[in-house]
Amino acid sequence: MSDIYNFSAGPAVLPKAVLEQARDELVDWHGSGMSVMEMSHRGKEFMGIAAQMEADLRELMGIPANYKVLFLQGGASSQFAMVPMNLLRGKASMDYLNTGEWSKKAIKEAKRYGAVNVVASSEHKNFSYAPGQDAWKLDPDAAFVHYTPNETIGGVEIFWTPQTGNVPLVADMSSTILSRPVDVSQFGLIYAGAQKNIGPAGLTIVIVREDLIGQAVAGTPTMFDYKTHADNESMYNTPPTYAMYIAGLVFQLLKREGGLAEMEKRNIAKADLLYNYLDATDFYASPVARDNRSRMNIPFTLKDAALDEAFLKGAREHGLLQLKGHRSVGGMRASIYNAMPIEGVAALVDYMKAFEQKNA
Ligand SMILES: *Cc1c(COP(=O)(O)O)cnc(C)c1O
């Protein structure tokens, strides 16, 4: 098979070494005679896999002991509801930053549970940047402050951590988790769907400070109460066992390769390669403000949108897949998560240069 590079925003590329290990262990995991898919989630084999996986994630992210790590289902989209249900805690309103399509969805869902104060928004500028904290109108009595450090669709990333005093900070890290180190102790809660930068779809990870658990609004379904999952080690019901196993293989690989500081170095090098070219040509353009250019999802446009289809067709012929931008934005988007090697970005830039030469 010749080299194929998959730039999908999610479900996204996984490390080849992980897929190969999963293939080798598919039918018989470590001589158990069972596939991980066939194991009881309460059996000693799977309990061991789950414990190792949690320990590895805690080590990679430096998660303090007073935080629970929950392995759930329902995607980041379910967290849009679970966060307000669990963290409202009798308060009157919640603070949200609006930087794009995912922020908007989180805000829309939160409004079902209480008043939402939008602290700042970049919607008037087509979500092309993230307002700095000096422009935020924070409410000191808010239940929490929610933001989206990386807007997967718009390609807008926030590289600094908001300072919210005693108000818990909540982050939808679906498309930036594990791409660089973060200081977890600055957050009340972090959540992420797995299918961008962790593993297969079906697993959702929630990292939550213990004092925020156990105060869900009356009527919260058992399955939507963090306490249910915290009290039962994420085994109240059947967790997404196979997705957890693959995520565990990814965590081991990241540890072997030098952890999140090394991932950040590589991700900066990969993103620079593409942005430097975008800046050097006027055949293509980046719509995002320089300080907020995502390292994970890089949207770009062709000067002449009439060439979009030809660009995508040629890209596919060169083994460069899933470059079409999100339907709400148009243009192109290259998602270059941890598992995308720099060779993939180099191949994309080479193709873009050749396409420019032919069509300029
Ligand atoms: C993909 C994505 C979501 C939605 O995730 P699901 O797992 O499909 O619910 C939410 N927020 C961000 C930032 C995302 O990238």
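We count ligands from 1, going down the list as the structure has it; atoms in each ligand are counted the same way.
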Next on the checklist: Going by the rule ring-ring contact (aromatic ring centres under 6.0 Å, His included), which residues pair with Tyr129 if we only count those two or more places apart in sequence or in a different chain?
Outcome noted: none
Item to check | Within reach of ligand 1, part of Lys105 (heavy-atom separation under 4.0 Å) | outcome: neither
Checklist entry - Which ligand 1 atoms does Thr152 reach within 4.0 Å, using its non-hydrogen atoms? => result 12 (C), 13 (C), 14 (C), 15 (O)
Checklist entry - Which of the numbered atoms in ligand 1 are below 4.0 angstrom from a heavy atom of Ser77? => result 4 (C), 6 (P), 9 (O)
Checklist entry - Between Asp172 and ligand 1, is there a nitrogen or oxygen pair with a distance under 3.5 Å? => result yes
Checklist entry - Is it the side chain, the backbone, both or neither of Ser174 that has a heavy atom closer than 4.0 Å to ligand 1? => result side chain
Item to check | Within 6.0 angstrom of Lys265 NZ, more than 12 heavy atoms from elsewhere | outcome: no
Checklist outcome for this item: By side-chain contact (heavy atoms from CB on, under 4.5 Å), His326 pairs with (sequence neighbours left out) Ile153, Ser328, Arg333
Next on the checklist: So does Asn297 get a backbone contact from the side chain of Ser294, meaning a donor-acceptor N/O pair under 3.5 Å?
Outcome noted: yes
Item to check | Subset of ligand 1 atoms that lie under 4.0 Å from at least one heavy atom of Phe80 | outcome: 10 (C)
Checklist entry - Side chain of Ser32, backbone of Trp29: donor and acceptor closer than 3.5 Å? => result yes
Next on the checklist: Test of understanding: given a 4.0 Å heavy-atom threshold, classify the contact between Tyr191 and ligand 1 as side chain, backbone, both, or neither.
Outcome noted: neither
Item to check | Nearest-contact summary for atom 5 (O) of ligand 1 - protein heavy atom, Å | outcome: Ala76 CB, 3.6 Å
Item to check | Short N-O contact, Arg293 and Asp279, less than 4.0 angstrom | outcome: yes
Item to check | Test of proximity, Gln195 against ligand 1: N or O pairs below 3.5 Å | outcome: yes
